[in-house]
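Notes for the one structure printed next.
Every number for a ligand or one of its atoms is a count from 1 in the order of the listing.
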Amino acid sequence: MKKYLLLWDIDGTLVTTGKAGEIAMAQSTERAFGIKSDLSKVDFRGRTDTWIGMQLFKQLGLEPTPEHLHEFHEAYLSCLKEQLPLNHGKIFPGILEILEQAANRENCVNALLTGNLARGAELKLSHYSVWHYFEFGAFSDDSPVRNELGPVALKRALEKTGQPFSPENVYIIGDTPHDIACGKAIGAKTISVATGGYSKEELLGHEPTAYFDDFSHPEKFFELLGR
Ligand SMILES: [Mg+2]
């Protein structure tokens, strides 16, 4: 049986945290080092948490040493934990149905390919009660560069399922051009969705395999598989 690997982005694709993630990120240099940074000067959409941290370090003239990154990540995670219940986030339309159906199909595997730190991904997705859908993932902990996360996800898929996935059976699902680029980097199929802020025109300009305004019609998502 042909098996499909669904590699999901988190922010703007599965959920919006109602700015909890951004607020936590903006607070974290002050919590870690006592210095404020300006997150509004960083285009963080589709980037990894570590990459964003390194841009903030540049602003502050801080070296991105492993110790500084560790402090920054710990501060971010503690801010994120506080912010998630204070902001009005949500799961996007159709996502629960798609995750549930995919989990029940023998030919689909749900996993994550996200710029979040693994612990940040767990905090966010546990908050919205969908963390249990994902068997494994590739995270910012694996590389600060999103395009390097595809090979990590494929390697982990083989380890966890005992099965190699050829790229034509892998779908990278995300809301930014960076998600499309990281899918193309491994020859995977790419599904773009406009729930994260990038417009239809912007996303189509990067030629994803498929495009959705949102996932409010889950059957259309499943019609795509295997095409
Ligand atoms: Mg995203």
Side-chain angles (χ1 to χ4, degrees), residues 5-26 39-40 42-55 76 80 83-84 87-96 98-99 110-128 130-131 133-134 137-150 152-153 170-186 188-216 221:
L5 177 60
L6 309 178
L7 293 174
W8 294 90
D9 168 59
I10 295 179
D11 300 284
T13 302
L14 295 170
V15 302
T16 168
T17 62
K19 296 213 183 291
E22 287 168 53
I23 295 169
M25 193 56 83
L39 186 64
S40 70
V42 181
D43 185 2
F44 50 79
R45 298 173 301 173
R47 298 295 192 172
T48 66
D49 288 347
T50 307
W51 183 92
I52 299 166
M54 285 156 76
Q55 307 312 303
Y76 165 69
L80 180 63
Q83 287 299 322
L84 280 167
N87 291 273
H88 297 288
K90 62 171 187 181
I91 305 181
F92 287 115
I95 290 294
L96 264 184
I98 294 175
L99 292 176
N110 281 319
L112 295 165
L113 193 162
T114 168
N116 279 271
L117 293 163
R119 281 160 66 204
E122 182 172 4
L123 281 174
K124 287 181 183 176
L125 295 181
S126 299
H127 184 74
Y128 297 104
V130 292
W131 173 245
Y133 282 111
F134 303 97
F139 303 95
S140 180
D141 315 64
D142 295 305
S143 169
V145 180
R146 195 177 192 103
N147 275 5
E148 292 178 1
L149 296 182
V152 174
V170 177
Y171 290 80
I172 295 209
I173 308 150
D175 65 305
T176 75
H178 295 293
D179 300 271
I180 302 171
C182 105
K184 288 188 175 178
I186 55 165
K189 291 180 175 159
T190 52
I191 300 178
S192 287
V193 63
T195 42
Y198 275 94
S199 69
K200 180 177 186 175
E201 291 68 32
E202 285 172 301
L203 291 168
L204 287 178
H206 295 266
E207 302 184 336
T209 310
Y211 163 86
F212 290 87
D213 292 330
D214 61 39
F215 290 127
S216 54
F221 179 90

Check for a donor-acceptor pair, side chain of T114 on one end and backbone N or O of D9 on the other, with a separation under 3.5 Å.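 No, because the side chain of T114 does not come within donor-acceptor range (under 3.5 Å) of the backbone of D9.
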Which residues pass the side-chain contact (heavy atoms from CB on, under 4.5 Å) test with S143, not counting sequence neighbours?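 So S143 forms a side-chain contact (heavy atoms from CB on, under 4.5 Å) with V145, E148, L149.
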Specify which N/O/S atom of D175 comes nearest to the Mg ion (ligand 1), by atom name.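 Closest to the Mg ion (ligand 1) among those atoms: OD1.
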From the N, O or S atoms in D11, identify the one nearest to the Mg ion (ligand 1).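 It is O of D11.
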Quick one: are the ring centres of F92 and W8 less than 6.0 Å apart?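 Distance test on ring centres: not under 6.0 Å, no.
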Taking 2.8 Å as the cut-off, does D9 contribute an N, O or S atom near the Mg ion (ligand 1), distance below it?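 Given the 2.8 Å cut-off, D9 counts as a ligand of the Mg ion (ligand 1).
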Listed pairs under 3.5 Å, donor-acceptor, residues 118-126 side chains, sequence neighbours left out:
from: R119; atom 1: NH1; to: E74; atom 2: OE2; distance (Å): 2.9
from: R119; atom 1: NH2; to: E74; atom 2: OE1; distance (Å): 3.2
from: K124; atom 1: NZ; to: D11; atom 2: OD1; distance (Å): 3.0
from: K124; atom 1: NZ; to: D11; atom 2: OD2; distance (Å): 2.9
from: K124; atom 1: NZ; to: N116; atom 2: OD1; distance (Å): 2.8
from: S126; atom 1: OG; to: E122; atom 2: O; distance (Å): 2.6

